[in-house]
K.L.:
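Quick one: the structure is below, and I'll ask about it shortly.
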Amino acid sequence: MDQKVRVTFGTKLGIIAATAGSAVGLGNIWRFPSQTAQDGGAIFVFVYLACVAFFGMPIVLAEFILGRAGKANSAGTYRNLAPGKKFHYFGYFAIIAAFLIMGFYMVVSGWTMEYLALSITGELGRTQDFAALFDQLRNSPGTQIFWMVVFMISTAGIVAFGVKKGIELASKLMMPLLLLVMIILCIRAVTLPGAGEGLTYLFAPNPENARSAGARILTDALGQSFFSLSVGMGCLMTYASYFGKDVRLAKTAGTMATLDTSVALLSGVMIFPAAFALTTDPGSMVETLKTGGPGLVFIAIPQLLQSLPAAQLWSIFFFLLLVLASLTSTISLLEVITAFVHEEVRVTLPKPIRLRKSSTENTVLHQEYRIARPFAVTVISAGVIFLGVLCSYSLGADTSLVIFGLNFFDFLDYITAKLMMPIGGIFISLFAGWYLDKKILAAELSNAGTIPLRFFKTYRFILRFVAPVGIAVVLVCGLIG
Ligand code: PFF
């Protein structure tokens, strides 16, 4: 597979920005607070942090190692590292996961665009009841589909340009600005009168709050950690295939995971104090949060923004950054599938060739063509839009789109984040820990012996036993508990 000509990311900062750009997105700012609220606060947060540290981070590193060593899309990487074996089927599983995630992720990305538009027109500032505003959007498939399509076209445009130009630039600009605005909003939120209760809810474990969630907290936290880190489905593997040979993989994994987790916690510090401080009924807040679902961020944040001077400007700025944060994640999701289609799928077209000048008959030869990136991007985008349309309809009054008791939107979220990604994680750690040649593992971690190899045995032990067994136990306990 194109080993010599494979494009690489331009700079080290570009690599951090692109991987963190994939990780930091709606998973941190929208999904983390919603899950925390549904599961009753601090206990969920601590289980989530443990999952990041013990399972998520080691597997991020494993994906980096496999991706850079295999130098291809997620299926091609397995084929290059294990020729003649069937492991590449697992790459297909990852591609399907990416596709399904895009289906519901695009819808939420569309919501961020609607809120940006409402900020620009000033309508958000004139709103009194933010819960009603969100409900209205949830029940308007037309508006949701419009913004989702706009978002899909923007993502497709960037991915069609290829790796360096699009992805790096978008990520490098967005990340620092997003952090800055979030820190400012956090300061505002924690200085509101009554904010303390929100912080207590987020950081002081209270079994009473978590009782109704029970063992579900385990699967929820595990799923959230994988979803947020973009790990377990070949996305980071695909990005790592574009890493140059001097990139320090362990350091990059650490930086990326730290940034990602910090943004999630910042998002919590922004939302929960605001939600508690700005409610008219703090007494029932914990119960309200449990049923708040996906709307939490879109209700609490606009309210928080209104409490700032020059609210409209802040609002535009915040939602613009949220749009960009989602964009760097959707780019990475689309890139997983595009790299696969472009590199793996071949179309065979007949090519008529006249053999002899005098001959009237054409001999038909067959020639294999790769699918060009822009064409691949167009076809995948059409498929994602189809899924997104189903998701948008399933959120509103249409109750026919229900699978296993979940609406289609929640169903896609459930099977990808809570099942496919952790199962993918188990597979990746087993492959890197047991199958991959120890020498390759060591060479990738030490950049061919140029940097010291520390904790190698411990890391390999984690990959072989701790991560796969731990994830399996957490998953099973959460599902049957
Ligand atoms: N990590 C992203 C977020 O937190 O928003 C979502 C995501 C991106 C998941 C890429 C998976 C992925 F491959």
Side-chain angles (χ1 to χ4, degrees), residues 17-36 48 51-52 56-57 59-60 63-64 67 73-74 77 91 93-112 151 155 158-159 167 170-171 174-175 178 182 220-241 253 256-268 294 297 321-340 380 384 412-425 428:
T19 48
S22 164
V24 173
L26 294 169
N28 312 57
I29 297 167
W30 158 75
R31 201 174 183 285
F32 172 74
S34 310
Q35 293 280 311
T36 308
Y48 157 77
C51 289
V52 169
M57 273 225 300
I59 300 175
V60 167
E63 279 206 40
F64 283 174
N73 63 83
S74 61
T77 287
F93 175 86
I95 309 293
I96 295 170
F99 183 65
L100 298 180
I101 291 178
M102 285 195 88
F104 72 91
Y105 203 91
M106 277 295 164
V107 175
V108 186
S109 303
W111 297 346
T112 63
F151 207 92
T155 307
I158 296 181
V159 173
I167 303 175
S171 309
M174 190 254 349
M175 289 293 295
L178 180 70
M182 285 186 76
D220 286 357
L222 181 70
Q224 177 58 28
S225 67
F226 276 67
F227 188 83
S228 190
L229 290 168
S230 307
V231 76
M233 38 152 298
C235 177
L236 299 175
M237 209 182 273
T238 307
Y239 266 22
S241 73
M256 178 207 127
T258 310
L259 259 173
D260 182 64
T261 310
S262 313
V263 175
L265 293 176
L266 274 181
S267 173
V297 172
L321 288 169
L322 196 52
V323 164
L324 292 176
S326 324
L327 196 58
T328 49
S329 300
T330 52
I331 290 169
S332 73
L333 282 161
L334 185 55
E335 176 61 27
V336 182
I337 316 174
T338 308
F340 169 77
I380 302 161
V384 169
L412 289 190
D413 178 293
Y414 188 91
I415 52 163
T416 51
K418 290 176 197 168
L419 297 179
M420 293 179 92
M421 295 178 88
I423 292 172
I428 290 166

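Atom set for the values below is all heavy atoms of this structure, side chains included, hydrogens, waters and symmetry mates excluded. In this text the structure is predicted, and so the values were computed from the model without any measurement. Every number for a ligand or one of its atoms is a count from 1 in the order of the listing.
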K.L.:
Just to verify, what does Gln224 make a side-chain hydrogen bond (donor to acceptor under 3.5 Å, both in side chains) with, not counting sequence neighbours?
P.N.:
Arg31
K.L.:
Scan the side chains in residues 416-424 for donor-acceptor partners under 3.5 Å anywhere in the protein, sequence neighbours excluded, and list what turns up.
P.N.:
| unit_1 | atom_1 | unit_2 | atom_2 | d |
| --- | --- | --- | --- | --- |
| Thr416 | OG1 | Leu412 | O | 2.6 |
| Thr416 | OG1 | Asp413 | O | 3.2 |
| Lys418 | NZ | Asp220 | OD1 | 3.0 |

K.L.:
For residues 96-108, please give each side-chain donor-acceptor pair under 3.5 Å, one per line with the distance, not counting sequence neighbours.
P.N.:
| unit_1 | atom_1 | unit_2 | atom_2 | d |
| --- | --- | --- | --- | --- |
| Tyr105 | OH | Leu26 | N | 2.9 |
| Tyr105 | OH | Ser329 | OG | 3.4 |

K.L.:
Can you list every pair where an N/O of ligand 1 is under 3.5 Å from an N/O on the protein?
P.N.:
| unit_1 | atom_1 | unit_2 | atom_2 | d |
| --- | --- | --- | --- | --- |
| ligand 1 | 1 (N) | Ser22 | O | 3.3 |
| ligand 1 | 1 (N) | Ala23 | O | 3.0 |
| ligand 1 | 1 (N) | Phe227 | O | 2.8 |
| ligand 1 | 1 (N) | Ser228 | O | 3.0 |
| ligand 1 | 1 (N) | Ser230 | OG | 3.0 |
| ligand 1 | 4 (O) | Ala23 | O | 2.8 |
| ligand 1 | 4 (O) | Gly27 | N | 3.3 |
| ligand 1 | 4 (O) | Asn28 | OD1 | 3.3 |
| ligand 1 | 5 (O) | Leu26 | N | 3.1 |
| ligand 1 | 5 (O) | Gly27 | N | 2.7 |
| ligand 1 | 5 (O) | Tyr105 | OH | 2.4 |

K.L.:
What orientation do Tyr48 and Phe32 show, parallel under 30°, tilted 30 to 60°, or perpendicular over 60°?
P.N.:
tilted
K.L.:
Taking all atoms of both residues into account, what is the closest heavy-atom pair of Phe226 and Gly425, and its distance?
P.N.:
CE2-CA, 3.8 Å
K.L.:
Answer yes if the side chains of Asn28 and Ser267 hold a donor-acceptor pair under 3.5 Å, and no otherwise.
P.N.:
no
